[in-house]
Amino acid sequence: MHLARIIGSVVATDKDERLTGVKLLVIQPIRSNGEDKGSPLVAVDTIGAGYGETVFYARSKEGAMPLEIPDVPVDAGVIGIVDSIHVPQASKERTA
Amino acid sequence: MHLARIIGSVVATDKDERLTGVKLLVIQPIRSNGEDKGSPLVAVDTIGAGYGETVFYARSKEGAMPLEIPDVPVDAGVIGIVDSIHVPQASKERTA
Amino acid sequence: MHLARIIGSVVATDKDERLTGVKLLVIQPIRSNGEDKGSPLVAVDTIGAGYGETVFYARSKEGAMPLEIPDVPVDAGVIGIVDSIHVPQASKERTA
Amino acid sequence: MHLARIIGSVVATDKDERLTGVKLLVIQPIRSNGEDKGSPLVAVDTIGAGYGETVFYARSKEGAMPLEIPDVPVDAGVIGIVDSIHVPQASKERTA
Amino acid sequence: MHLARIIGSVVATDKDERLTGVKLLVIQPIRSNGEDKGSPLVAVDTIGAGYGETVFYARSKEGAMPLEIPDVPVDAGVIGIVDSIHVPQASKERTA
């Protein structure tokens, strides 16, 4: 799974009917030290995450499993809200 | 899922028979601020999206699920047309 | 799916038995303007594509579905031959 | 599969219920010579791996198969602890 | 699929039980002209490939299908040994 911060949302009226009522979040992937990493993507919300929260998400249909919607066309889903990240100093993340 | 803009189409006569009648779009992935990101790819249209529209698409067979064609050899599909993207200023996307 | 040009083939005698009789192509991914993009890969031929032709391929087992071989260990397959690509000028692909 | 070193953990109270009791590790992908490669990610522990150990992990739902939890929304899992890596000199890894 | 050269092996005692007796290879992805491409990864051997041989491998669980082990947590497998690669000069691979 990957860490991300919720930075926005997408409104889409014309979409696959299985996505009706599903919240679409814009999430910014981050490193374990909180820095941005790469570009934002769109993920479904499966846990009730809110703006600004740090979350972890899964890719592929694995990310949509909590929705329990058969054959839902989803390839990324927020599956948990992060309380804290523990990375002892000796192993601190390279930012290169 | 990922944001993209529809920039063209592909015509292919010789193809897997399960793709007969399926529209093949050339889509340009974009950032949430509308800038291009990486190279265009080919995706199936599942929603009736038109030239120039901003859409979101799913990768892998998830993107083809709205087609409801068993075992269709598809790894990217446009699944919704974007009305608007909300990304409050504090979190605006890095372009690096 | 992704665009590519067929640039060669691979001969392999010792291989999984499900691949017996399956043609292995070396394909060069290309942009919609025909330029090379990244490195060649090996894909199965499912459509009878020939040397030098422009094709589109799917990744993962989706690319092998036209073979209709259960549990075939394939993660890329050529699924259609491209007649033409239409990308109107206003949206022409960035080469950066 | 990919080599990694365990560098930390993630605490998350609000998460998909299928993840209850599952340990979430922060892992740093490494090269076969032990150097860091890319950014850390979050993976489930399926084998009882501890801080600082070198492990290998699988991506996608394959990584979660040892958990034997149906439809668990996981896309990376630590599946083995590495005793030793043998890479004879002639083939030593490029660090570029 | 992707071309690679076998450069080593991994020994792991503590691992998912479905991997008992499965050989773990360190493979270096290569271009069709034999040059290294990117970093080595760990793949299961399904074909009896030996040190220094040029092979092709598949990603995701497709790569493990020849093992015929239900739910084996594997995301890359060597599935064939390459006898020869034919890439006519006109299309020779860019090394950029």
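Quick note on labels: first sequence line is chain A, next is B, and so on, each numbered from 1.
At a 4.5 Å heavy-atom cutoff, the contact between V72(B) and chain C is made by backbone atoms alone. Contact annotation for V74(B): both backbone and side-chain heavy atoms come within less than 4.5 Å of a heavy atom of chain C. Both the backbone and the side chain of I81(C) come within contact range of chain B, judged by heavy atoms closer than 4.5 Å. Heavy atoms of T46(C) lying under 4.5 Å from chain B are absent altogether.
Residues satisfying the salt bridge (charged side-chain N to carboxylate O under 4.0 Å, His left out) test with R18(C), not counting sequence neighbours, are D16(C), E68(E).
The residue among P66(C), A64(C), A49(C) with the most heavy atom pairs within less than 4.5 Å of chain B is P66(C). Ranked by heavy-atom pairs shorter than 4.5 Å toward chain B, the options M65(C), M1(C), H2(C) are led by M1(C). The most heavy-atom pairs under 4.5 Å with chain C, out of L24(B), D71(B), V42(B), come from V42(B). With chain B as the partner, the residue from I85(C), T54(C), I79(C) showing the most heavy-atom pairs under 4.5 Å is I79(C).
Between F56(C) and L19(B), the closest side-chain pair of non-hydrogen atoms falls below 4.5 Å. No side-chain heavy atom of V11(B) sits less than 4.5 Å from a side-chain heavy atom of V82(C).
Between the side chain of E62(C) and the backbone N or O of D75(B), no donor-acceptor pair lies under 3.5 Å. Checking side-chain atoms of D14(B) against main-chain N and O of G80(C) turns up no donor-acceptor pair under 3.5 Å.
Considering NE2 of H86(C) and OG of S9(B), their distance stands at 5.5 Å, rounded to 0.5 Å. A distance of 11.0 Å separates OG in S39(B) from CD1 in I30(C), rounded to the nearest 0.5 Å. One distance of note links CD of Q28(B) with OG of S32(C); it measures 8.0 Å at 0.5 Å rounding.
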**Message:** Applying side chain to side chain contact (heavy atoms under 4.5 Å, CB included) to K61(C) and K61(B), what does each step give before you reach the verdict?
**Reply:** CA-CA 9 Å; K61(C) 69 171 183 286; K61(B) 69 172 183 286; 3.7 Å; yes
